Amino acid sequence: MTHLTCNGRPVDVALLTSALVNYGHFTSMQVRAGAVQGLHRHLERLAQGTEALFGTALDPDTVRGWMRDAVMSSGLVDASLRVTVFSRHFDFRTPLAAVEADVLVAVSAPVDLPPLPRRVRSTTYARELPQIKHVGTFGLFEQRRQALLAGFDDALFVTRDGLVSEGTTWNLALLQGNDVVWPCAPALRGVTERLLQDALGPARIRPMTLQDVGDCTGAFACNATGIWPLAAIDGHVLPESGAFCQRARQALAQVAGEPLAAGQGAGRTRTWNGGEPPL
């Protein structure tokens, strides 16, 4: 991490201590040449999460300005950006009280990912409030750890009803015949997922079971850090995942970024070419 601000100002110890309470939400993104793909969706996510958790409004233009200033102050042209919303005034004893939100902006080095194939195992698990990208990530990381201990690369979540939902920190698309299929069980609907649903053209969004996955020949995972192929789900090998992933990467590369600085033109399109998907 190279730069950390809260409400547009450098962070002090007292303020940061308040942010350690496990109640809040966030969004993460990659900045390229001062622009972010799907920026308006990230801002919408922040506003909706703030209303849901704190009962108060968040001004997207103000947050966008803080994000822009933080990236500029870091000296980075390309960067990873995480925006976390919490509140110094939130009290678990009176959780219904509407409180003013605080916005923590963290800037770090950019991430570029190679399309490394991954083997994942299915597990019955569901996040609390899956529609909100909240800071309660313990269960996600523990599920990934257990998958690694079992010899896999990551975990794929399945609901108690047997529906495929999401990965630990990613969404997935499946190739079933000639159809691109996005599972629609309760999950965090990612910004990259939504961009790809538009960029890849017609797709089917429907419930998918593990038995349905057995009819698929390819799959990829995606989040704000990129897209990578799933080589296998449990014991089912997906031979067309590499080509399917490359198709998605090419489609996403054509999506222009939205500038952090309001009033500027669209940024350059996004490309991926380095490192392993982080948590």
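Only a predicted model underlies this, so the values are computations on that prediction, with no experimental measurement involved.
Defined by atom type and a distance below 3.5 Å, a donor-acceptor pair is missing between the side-chain atoms of Q143 and T168. Q250 and Q254 share no donor-acceptor pair across their side chains, judged by distance under 3.5 Å alone. Side-chain atoms of T84 and R82 form a donor-acceptor pair, as typed in the model, at a separation below 3.5 Å. Using a 3.5 Å distance cut-off with no hydrogens or angles, the side chains of D161 and T159 do not pair a donor with an acceptor.
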Show me the side-chain donor-acceptor pairs of residues 234-244 shorter than 3.5 Å, one per line, residues at least two apart or across chains.
{"residue": "D234", "atom": "OD1", "partner": "S122", "partner atom": "N", "Å": "2.8"}
{"residue": "D234", "atom": "OD1", "partner": "S122", "partner atom": "OG", "Å": "3.2"}
{"residue": "D234", "atom": "OD2", "partner": "S122", "partner atom": "OG", "Å": "2.6"}
{"residue": "H236", "atom": "NE2", "partner": "V213", "partner atom": "O", "Å": "3.3"}
{"residue": "H236", "atom": "NE2", "partner": "C216", "partner atom": "O", "Å": "2.8"}
{"residue": "E240", "atom": "OE2", "partner": "T217", "partner atom": "OG1", "Å": "3.2"}
{"residue": "S241", "atom": "OG", "partner": "A219", "partner atom": "N", "Å": "2.9"}
{"residue": "S241", "atom": "OG", "partner": "A219", "partner atom": "O", "Å": "3.2"}
{"residue": "S241", "atom": "OG", "partner": "L230", "partner atom": "O", "Å": "2.7"}
{"residue": "S241", "atom": "OG", "partner": "L238", "partner atom": "O", "Å": "3.2"}

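Counting heavy-atom neighbours within 6.0 Å of R145 CZ, excluding the residue itself, gives a total of 12 or less.
Between the side chain of D78 and the backbone N or O of P110, no donor-acceptor pair lies under 3.5 Å. With T209 contributing its side chain and D212 its backbone, the two residues share a donor-acceptor pair below 3.5 Å.
The CZ atom of R127 sits 9.5 Å away from the CD1 atom of I132 when rounded to the nearest 0.5 Å. With rounding to the nearest 0.5 Å, the separation of CZ in R189 from SG in C184 is 7.5 Å. Here the straight-line distance linking atom CG of L53 with atom CG of L129 works out to 7.5 Å at 0.5 Å rounding. From I233, atom CD1 reaches atom CG of L210 across 8.0 Å, with rounding to the nearest 0.5 Å.
By the 30° and 60° cut-offs, the orientation of the rings of W170 relative to W228 is perpendicular.
Here ring pair (Phe, Tyr, Trp, His ring centres under 6.0 Å) pairs that include residues 179-204, with residues two or more places apart or in two chains, are W182-F220.
By the rule that hydrophobic residues join a cluster once side-chain heavy atoms approach within less than 4.5 Å of another member, F26 and L46 end up as members of separate clusters.
Closest heavy-atom contact between V135 and H25: CG1-N, 3.9 Å.
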